[in-house]
Trainee: 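Supplied in structure tokens, the structure appears directly below.
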2 protein chains.
Amino acid sequence: MSLSLAEENYLKAIYHLSEDGTKDVLTNALADSLSTKAASVTDMIKKLSVKNLISYKKYYGVNVTAKGKRQALQVIRKHRLWETFLVQKLDFAWDEVHEIAEQLEHIESPRLIEKLDKFLGYPTVDPHGDPIPNGKGKIVIKPQIPLDQIEEGYKGAIVAVKDSDSAFLKYLEKIGAKPGKKIQVISKEAYDESMEVIVGNQKVFISKEVSKNILVTE
Amino acid sequence: MSLSLAEENYLKAIYHLSEDGTKDVLTNALADSLSTKAASVTDMIKKLSVKNLISYKKYYGVNVTAKGKRQALQVIRKHRLWETFLVQKLDFAWDEVHEIAEQLEHIESPRLIEKLDKFLGYPTVDPHGDPIPNGKGKIVIKPQIPLDQIEEGYKGAIVAVKDSDSAFLKYLEKIGAKPGKKIQVISKEAYDESMEVIVGNQKVFISKEVSKNILVTE
DNA sequence: GTATTTTTTTAGACGAGTCTAAATTTCTAG
DNA sequence: CTAGAAATTTAGACTCGTCTAAAAAAATAC
């Protein structure tokens, strides 16, 4: 019983907008997120509801069921594995891969995903640092703290970045800051909370604007 | 002006059934090949015709136009590059990749295909030995002769296989015969045209049934 | 060269997914 | 607590790709 492309996209959007199933999602929010109209959302919501993938109470928003969550996580797993492939193997920049992965995530072949996962060395995070659900749909999240809450003398590594704005990603690229890289905090300015850090082996100054969007290990 | 999934599939089928644009394709042949009904074929044919991708005269079959051929070759290029990726990088067997490539060939991103091509080292043939059209849609074909027309003493290499039946491919796998492998003809039996050949460094007997489906260099 | 069979096309319908416009329900200001 | 605003749902229509059944054209048989 496999899902259509549209069904997968709705399910994924609901899962994300509900913040991993914790909040209910409103019709208009979903319409905005999917660049469609509220009427279309209502139609699709009814279908997913009949299939027991989401729970829906008229006028009060929707959320994924356990079954829907499983399916959403499979799509997310595929999306993030493909993004990892595009960046690591095909040499795409982080900010170019989203649209392509958006297409690739709908390819149906469990064997393909298994083999891709193996080929990539069973990665646990994608190029943005977002966790990749495993084959059973489990997400293993390492604790991650925004860099702006870190004190002088810290040593650790970047695990993820929050903002996915292209200009921001390009800036990070330039200073060599990407998930997996080691990072040290040399000094922190009390006045504006700007920091001097070592990332890779380069010393750089970063503003609070930037540091709050970089997530690091404990 | 990009094509829908169905349009791409029709175009590709027409191109293949017309033997690269040399013969006209009949409605029923197309319906069989696409596992659909003649009425559906007629409908789609009209659409492709309006878009100038095929030329169509009622009751007399269709063929690709120059524009349609270009598009068909792009899809075929993508299909064969993905098959190559699946076999060479993800370690699939030849006979498992067709259906997956059938999905992957519709992913739209010229940059993706360029980068995939580079990643694979600009291959000229896919795992079945079929030529991969280049970025401009040109096919570079090496001369290829069915092995059953070859005489004793020949030394050359396998360039392709004709039959794509799974059992046949598995048999070839077993005797180590795949495109790129060197092959020598030790002896040929006049009575049934069976042959003794060395492929790789293994000596094997093959029937005419098999040899006529193996294509080799001049 | 007419009759029968085969192939192709047309006519009309359907499901998926979307839309606009109108109706309904819920929210919110005063 | 009620009127107006905002959000959501319903009604009806459209496109895409498909189908079945019937009509039309072409091929074939005798």
Side-chain angles (χ1 to χ4, degrees), chain A residues 1-15 17-18 23-64 68 71-72 75 102-103 105-108, chain B residues 1-18 23-64 68 71-72 75 99 102-103 105-108:
Chain A
M1 195 231 46
S2 71
L3 305 181
S4 74
L5 197 144
E7 288 172 331
E8 286 194 349
N9 283 336
Y10 271 88
L11 214 46
K12 194 177 55 143
I14 294 168
Y15 180 79
L17 288 175
S18 71
K23 295 181 177 175
D24 284 354
V25 180
L26 301 179
T27 302
N28 271 351
L30 211 39
D32 282 359
S33 156
L34 292 163
S35 303
T36 183
K37 295 295 149 69
S40 310
V41 171
T42 302
D43 287 347
M44 181 56 92
I45 271 174
K46 285 183 194 159
K47 280 194 223 166
L48 293 175
S49 193
V50 167
K51 292 192 177 185
N52 245 297
L53 294 162
I54 59 176
S55 60
Y56 166 51
K57 223 185 93 190
K58 260 193 189 179
Y59 295 101
Y60 285 94
V62 294
N63 215 328
V64 290
Q71 298 266 10
V75 179
E102 207 72 12
Q103 297 180 61
E105 73 189 9
H106 302 293
I107 302 292
E108 189 179 315
Chain B
M1 199 229 45
S2 72
L3 305 181
S4 74
L5 198 142
E7 287 172 332
E8 286 194 349
N9 283 336
Y10 271 88
L11 214 46
K12 194 176 54 142
I14 294 169
Y15 179 79
H16 279 138
L17 289 174
S18 72
K23 297 179 175 176
D24 285 352
V25 181
L26 301 178
T27 302
N28 270 352
L30 211 39
D32 283 359
S33 157
L34 292 164
S35 303
T36 183
K37 297 293 149 70
S40 310
V41 171
T42 303
D43 287 347
M44 181 56 92
I45 271 175
K46 285 184 194 160
K47 279 193 225 169
L48 293 176
S49 193
V50 167
K51 292 192 178 185
N52 247 295
L53 294 163
I54 60 175
S55 62
Y56 166 52
K57 222 185 92 188
K58 263 192 188 180
Y59 293 101
Y60 283 94
V62 294
N63 214 328
V64 290
Q71 298 266 10
V75 179
E99 274 90 61
E102 208 71 11
Q103 296 180 60
E105 73 190 8
H106 302 293
I107 301 291
E108 188 180 315

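Please read these numbers as outputs of a predicted model, since none were measured by experiment. In what follows, chains are A, B, ... by sequence order, proteins preceding strands, each numbered from 1. When reading the values below, keep in mind they use all heavy atoms of this one structure, side chains included, and skip hydrogens, waters and symmetry mates.
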Trainee: Salt bridge (Lys or Arg N to Asp or Glu O under 4.0 Å) with A:K23: which residues, sequence neighbours excluded?
Mentor: A:E19
Trainee: For B:H16, give me all partners under side chain to side chain donor-acceptor pair (under 3.5 Å), at least two apart in sequence or on another chain.
Mentor: none
Trainee: Atom OG1 in B:T27, atom NZ in B:K37: separation rounded to 0.5 Å?
Mentor: 15.0 Å
Trainee: Compare every heavy atom of A:L17 with every heavy atom of A:A29, then report the nearest pair and how far apart it is.
Mentor: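 Closest approach of A:A29 to A:L17: O-CD1, 3.8 Å.
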Trainee: For A:S35, what residues pass the side chain to side chain donor-acceptor pair (under 3.5 Å) criterion, not counting sequence neighbours?
Mentor: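 Counting only residues at least two positions away or on another chain, A:S35 forms no side chain to side chain donor-acceptor pair (under 3.5 Å).
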Trainee: Please give me every residue in residues 25-35 of chain A whose heavy atoms get under 4.0 Å of an atom in DNA chain D, ordered by residue number.
Mentor: A:L26, A:T27, A:N28
Trainee: Look for any protein N or O under 3.5 Å of an N or O in nucleotides 11-14 of chain D and output each such pair with its distance, or none.
Mentor:
none

Trainee: Looking at residues at least two apart in the chain, or sitting in another chain, which of them share a side chain to side chain donor-acceptor pair (under 3.5 Å) with A:E108?
Mentor: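 Partners of A:E108 under the side chain to side chain donor-acceptor pair (under 3.5 Å) test: A:S2.
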Trainee: B:K51 NZ to D:dT15 C1': how many Å, rounded?
Mentor: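 Roughly 12 Å, once rounded to whole Å.
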Trainee: Looking across every strand, which nucleic acid part, if any, lies under 4.0 Å from B:K46 by heavy atom: base, sugar-phosphate, or nothing?
Mentor: sugar-phosphate
Trainee: Grab the CG-P distance between A:D24 and C:dT26 for me, whole Å please.
Mentor: 15 Å
Trainee: Provide a list of protein-nucleic acid N or O atom pairs under 3.5 angstrom, restricted to nucleotides 15-17 of chain C.
Mentor:
from: C:dG17; atom 1: OP1; to: A:S4; atom 2: OG; distance (Å): 2.5
from: C:dG17; atom 1: OP2; to: A:K47; atom 2: NZ; distance (Å): 2.8

Trainee: For A:I45 and D:dA7, what is the distance between atoms CD1 and C1' respectively, to the nearest whole Å?
Mentor: 12 Å
Trainee: Give a yes/no on whether any side-chain N or O of A:S40 is located under 4.0 angstrom from OP1 or OP2 of C:dT18.
Mentor: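 Negative; the distance criterion is not met.
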Trainee: For B:Y10 and B:T36, run side-chain contact (heavy atoms from CB on, under 4.5 Å): C-alpha distance rounded to whole Å, both residues' side-chain angles, the deciding distance at 0.1 Å, then the answer.
Mentor: CA-CA 11 Å; B:Y10 271 88; B:T36 183; 3.8 Å; yes
Trainee: Side chain of B:A38, heavy atoms from C-beta onward: which of D:dT8, D:dT10, C:dT9 has the nearest atom to it?
Mentor: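 Of the candidates, C:dT9 comes closest.
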Trainee: Among all residues two or more places apart in sequence or in another chain, which pass the side chain to side chain donor-acceptor pair (under 3.5 Å) test with B:E105?
Mentor: B:K12, B:H79
Trainee: Give the minimum heavy-atom separation between B:N9 and B:L34, together with the two atoms involved.
Mentor: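 Taking B:N9 first and B:L34 second, the nearest heavy atoms are O-CD2, 3.9 Å.
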Trainee: Evaluate side-chain contact (heavy atoms from CB on, under 4.5 Å) for B:V75 paired with B:L11, printing each intermediate quantity in order.
Mentor: CA-CA 9 Å; B:V75 179; B:L11 214 46; over 6 Å; no
Trainee: Could you grab the distance from atom CG of A:N63 to atom OH of A:Y56, nearest 0.5 Å is fine?
Mentor: 14.0 Å
Trainee: Detail all sub-3.5 Å separations between protein N/O atoms and N/O atoms belonging to nucleotides 27-29 of chain D.
Mentor:
none

Trainee: Taking only side-chain nitrogens and oxygens of B:K37, does any of them come within less than 4.0 Å of OP1 or OP2 of D:dT18?
Mentor: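 So the side-chain polar atoms of B:K37 never come under 4.0 Å of the phosphate oxygens OP1 or OP2 of D:dT18.
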Trainee: So, taking the atom named OG in A:S33 and the one named CG in A:L26, what distance separates them when rounded to the nearest 0.5 Å?
Mentor: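 If we round to the nearest 0.5 Å, A:S33:OG and A:L26:CG are 12.5 Å apart.
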Trainee: Just list the side-chain donor-acceptor pairs under 3.5 Å for residues 38-54 of chain A, sequence neighbours left out, or say none.
Mentor:
from: A:T42; atom 1: OG1; to: A:A38; atom 2: O; distance (Å): 3.2
from: A:K51; atom 1: NZ; to: A:E7; atom 2: OE1; distance (Å): 3.3
from: A:K51; atom 1: NZ; to: A:E7; atom 2: OE2; distance (Å): 2.8

Trainee: If I take atom OH in residue B:Y59 and atom P in nucleotide C:dT9, what distance separates them, rounded to the nearest angstrom?
Mentor: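 Computing the B:Y59:OH to C:dT9:P distance gives 6 Å.
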Trainee: What's the NZ-C1' distance between A:K57 and C:dT25, to the nearest Å?
Mentor: 13 Å
Trainee: How long is the line joining CG of B:L3 and P of D:dC16, in whole Å?
Mentor: 13 Å
Trainee: Would you give the length of the straight line joining atom CD of B:E8 to atom CG of B:L3, rounded to the nearest 0.5 angstrom?
Mentor: 5.5 Å
Trainee: In whole angstrom, give the distance that lies between atom NZ of A:K58 and atom C1' of C:dT25.
Mentor: 10 Å
